[in-house]
There are 2 protein chains.
Amino acid sequence: MRADARKNYSHLLAVARDVISEHGVDASLRDIARKAGVGLGTLYRHFPTREALLEALLRANLDELTRRASELETMSSPDDALVSWFREAVGFTHSYSGVVNLMAAALADPDSALHASCTTVRSAGARLLQRAQAEGMARADLDGADLLALIGALAWVRDQFSFAPRADHLIDFIASAILTERPGSGATKR
Amino acid sequence: MRADARKNYSHLLAVARDVISEHGVDASLRDIARKAGVGLGTLYRHFPTREALLEALLRANLDELTRRASELETMSSPDDALVSWFREAVGFTHSYSGVVNLMAAALADPDSALHASCTTVRSAGARLLQRAQAEGMARADLDGADLLALIGALAWVRDQFSFAPRADHLIDFIASAILTERPGSGATKR
DNA sequence: ACCTGAACACCGTTCAAGT
DNA sequence: ACCTGAACACCGTTCAAGT
């Protein structure tokens, strides 16, 4: 990678971080190139798709989320670990508005630049969920995909101006519902 | 209203129904006008904003949803009524993809053409919720806004291709969590 | 009264031309 | 190798001109 290319790449990323923080994942790519003082084609050369740009922006955060899952797996009780991670995952989506839509689409599309990172996060969450389920601490009728769907659903709530004030409360609500056994099935394992 | 205007109005509405069913609430207005064989300005004359167009498309459905709430209030037990209505509300959002985003925005904006219909639906849901809460059948720490947020959240799940298959299951999950008392608070009213 | 479509200011995406 | 920006095909929104 030539020196000028390297410089353009990192500067584009920095500008994109600002613009997308402010305007969400549907921010104008033209605007990003303009603010970076770079030709539009240069942005497309470095990031052939919008997903590719967001993948570069999110990779570190998604990796961190995966790492945190492993950490919690050894450091906390299964129920606390699951709920803590769940909260952190919803919090993470706060970084760029609309990011969960992109992640949901990426899960369905193996060709998306975000696909790998997203499935990794899903697996990390699924492991925490299974650990809690094995101890009878979480509902048995949920899987890793459900966990991610709930994270996305709560991120959606948080993204809506009118619902945002209640988002934290609904996170508590759903987190406790994940841990609660089904009503009527009083039986617990062990 | 002149005869030609009346005809354009209803034809535009019919075409919009088709196009928005297929492409969601962000469908191209130009495309709608084109397919209706009408000048672009004519669409804007009848529906000055996108919300105005959707309000015309949704009013009947939203009114029906409000009516159903009243009906269920007299016909079913408080818990069944609440859960049935909740399911119907999520089902309603299936009509046009992305419609919940518009509704959430309308709740926050009193000037939106959709504002009145949305607050009416919220009130209808809140009444069903309060009725169930009064009998100790629903969690006391939820309000009408929470109920709508949960409906929107589940509609979001359903809108995502990758999560849609689990949507029905998550609706069951959340519906039962609404009815379940808080873990630890074994006390029930009456 | 009502309709029309050009005009304006934006997009995303591609690609020939430059260095 | 890499960068540039014009070109193309789209938007939403407005509004002078027509009937």
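Chain A is the first sequence line, chain B the second, and so forth, proteins listed ahead of strands; every chain is numbered from 1. The structure presented is a predicted model; accordingly, all values stated were derived computationally and were not measured.
- Residue pairs that meet the side chain to side chain donor-acceptor pair (under 3.5 Å) test with at least one member in residues 48-63 of chain A, sequence neighbours left out, are A/E55-A/R59.
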Watson-Crick and G-U pairing of DNA chain C, under 3.5 Å, as dot-bracket with | and [ ]: ||.|||||...|||||.||
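- The pair B/D18-B/K35 does not count as a salt bridge, with every side-chain nitrogen at least 4.0 angstrom from each carboxylate oxygen.
- We find that OH of B/Y44 is positioned 16 Å from P of C/dA6, with the value rounded to whole Å.
- Listed by chain and residue number, A/L29, A/L40 satisfy the side chain to side chain contact (heavy atoms under 4.5 Å, CB included) test with A/Y44 (two or more places apart in sequence, or in another chain).
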Under 3.5 Å between N/O atoms: give me all the protein pairs with nucleotides 1-5 of chain D, atom names plus distance.
unit_1: D/dA1; atom_1: N3; unit_2: A/R2; atom_2: NH1; d: 2.9
unit_1: D/dC2; atom_1: OP1; unit_2: A/R2; atom_2: N; d: 3.1
unit_1: D/dC2; atom_1: OP2; unit_2: A/R45; atom_2: NH1; d: 3.4
unit_1: D/dC3; atom_1: OP1; unit_2: A/N8; atom_2: ND2; d: 2.3
unit_1: D/dC3; atom_1: OP2; unit_2: A/H46; atom_2: NE2; d: 3.3
unit_1: D/dT4; atom_1: OP2; unit_2: A/G39; atom_2: N; d: 2.7
unit_1: D/dT4; atom_1: OP2; unit_2: A/T42; atom_2: OG1; d: 2.7
unit_1: D/dG5; atom_1: O6; unit_2: A/G41; atom_2: N; d: 3.2

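- Taking atom CZ on A/R50 and atom P on C/dT14, their separation rounds to 13 Å, with Å as the unit.
- Rounding to the nearest 0.5 Å gives a distance of 10.0 Å between CH2 of B/W156 and CG of A/L154.
- Spacing between atom CZ of B/R34 and atom P of D/dG12 amounts to 9 Å, rounded to whole angstrom units.
- For A/D4 and A/K7, the salt-bridge test fails: no basic side-chain N is under 4.0 Å from an acidic carboxylate O.
- Near DNA chain D, defined here as any heavy-atom distance below 4.0 Å, the residues from residues 19-32 of chain A are A/R30, listed numerically.
- Classification of A/E73 and A/R131 as a salt-bridged pair fails, no side-chain N sitting under 4.0 Å from a carboxylate O.
- A distance of 11.5 Å separates CG in A/L147 from CZ in B/R166, rounded to the nearest 0.5 Å.
- Atom-to-atom, CG of A/L53 to P of C/dT13 comes out at 11 Å; the value is rounded to the nearest Å.
- Residues B/R68 and B/E88 are paired through a salt bridge, judged by an N-O separation under 4.0 Å between the basic side chain and the carboxylate.
- Ion pairing between a basic and an acidic side chain is recognised when a charged N comes within 4.0 Å of a carboxylate O; B/R67 and B/E71 show such pairing.
- Applying the side chain to side chain contact (heavy atoms under 4.5 Å, CB included) test to B/D109 and every residue at least two apart in sequence or in another chain returns B/D111, B/S112.
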